[in-house]
Amino acid sequence: MKIMIAEHAGFCYGVKKAIDETEKLLKSSGHAKVLGALIHNPLEVERLKKMGLEVINKTSEASREQVIIRSHGAGKNTFEALEKNSNEIKNCTCPYVSKIHRIVNDYYGQKYGIIIIGDSKHPEVIGINGWCGDTATIINSEEEANQLEISKPMCIVGQTTFNTILWDKIINILRSKSNQVVVHNTICDATTKRQQAARELASQVDKMIVIGGKNSSNSKKLYEICREICTFTYFVESSDELPYDEFAGDIKLGITAGASTPDWVIQEIINKFMKAR
Ligand code: F3S
């Protein structure tokens with residue numbers, strides 16, 4: 001078996017920064033609160049909980065304490081509520097996401113309508129919507145783009161981890177409906193590179209493994225991308241979930257991982273294959 005690892009697999013800049021800052025905080029104080037799971041990887045969050053991280057779900061669960069805002073960011077109201085409760089905010093919002101907040105806040109102030117291309121249930125999208133008073137129209141597919149009526153100037157932004165090819169298709173539809181749209185492609189560089197490398201690798205191998213949290217939308221998108229190219233694509237969170245007997249023989253195996261997948265999880269899977277050889 002030949003194992004090939006996709007370029008840009010695993011932690012992205014924003015996630016790494018959030019983890020590093022959280023670890024630093026936990027080492028110095030032994031305890032910290034984070035609003036929502038720090039990253040969408042249960043194994044890594046568990047590791048940090050053992051170091052003293054506490055996950056809270058509402059701003060009211062912290063008062064006069066330090067609260068971490070995760071890399072997905074949060075809405076303007078959330079920051080205001082934390083400040084009102086005299087919390088010290090450790091803002092770990094990824095700079096790519098903060099940039100979207102600034103764009104949305106700015107255009108909303110200029111009376112533009114806001115369209116977010118992304119998953120309406122994802123915390124990053126919920127946070128972005130919170131910078132235009134929760135007024136954004138959120139779409140996720142070509143069908144939804146086709147149904148949209150645009151009657152005023154609109155600013156369009158996207159979830160940072162959105163599928164780059166689907167983004168282009170949706171933007172073409174929206175541009176054909178109106179010349180009053182301002183488009184900001186906010187898909188982050190790390191996502192573009194990771195998806196591209198995964199596509200390339202999936203086309204060269206017999207089987208492909210995508211490693212990521214079941215709640216990680218960028219990992220799920222990577223799985224969908226690879227699955228379109230390589231029928232035998234597996235999506236797993238940990239090394240325990242793989243049916244190793246299905247990988248027998250002289251095959252080429254490709255591995256990639258979502259932005260919130262720690263290296264130690266990727267390494268565990270590689271080690272199991274090495275041992276089985
Ligand atoms: Fe930031 Fe992109 Fe990662 S937005 S958190 S660098 S996937």
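These numbers were taken from a predicted model, which means no experiment stands behind them. Both ligands and their constituent atoms are indexed starting at 1 by order of listing.
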For [X], counting its heavy atoms only, list the atoms of ligand 1 lying under 4.0 Å from any of them.
X	result
C12	3 (Fe), 5 (S), 6 (S), 7 (S)
T160	4 (S)
T191	7 (S)
Y96	1 (Fe), 4 (S), 6 (S)

Tell me: protein heavy atom nearest atom 2 (Fe) of ligand 1, and distance?
C188 SG, 2.3 Å
What protein heavy atom lies closest to atom 1 (Fe) of ligand 1? Include the residue and the distance to one decimal.
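Protein heavy atom at minimum distance: C94 SG, 2.3 Å.
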Heavy-atom contacts under 4.0 Å between N218 and ligand 1: side chain, backbone, both, or neither?
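Near ligand 1, N218 shows nothing, with every heavy atom at 4.0 Å or more.
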Run the salt-bridge test on K16 and D20 with the 4.0 Å N-O cut-off and return the result as yes or no.
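Between D20 and K16 there is a salt bridge, with a charged N closer than 4.0 Å to a carboxylate O.
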Starting at CZ of F247, measure out to CD1 of I209 and round the result to the nearest 0.5 Å.
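Taking CZ in F247 and CD1 in I209, the distance rounds to 4.0 Å.
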Distance-only donor-acceptor check, side chains [X] and [Y], under 3.5 Å:
X	Y	result
E246	Y234	yes
E61	N57	no
E44	S260	no

Over all atoms of both residues, closest heavy-atom pair of A190 and C12:
CB-CB, 4.0 Å
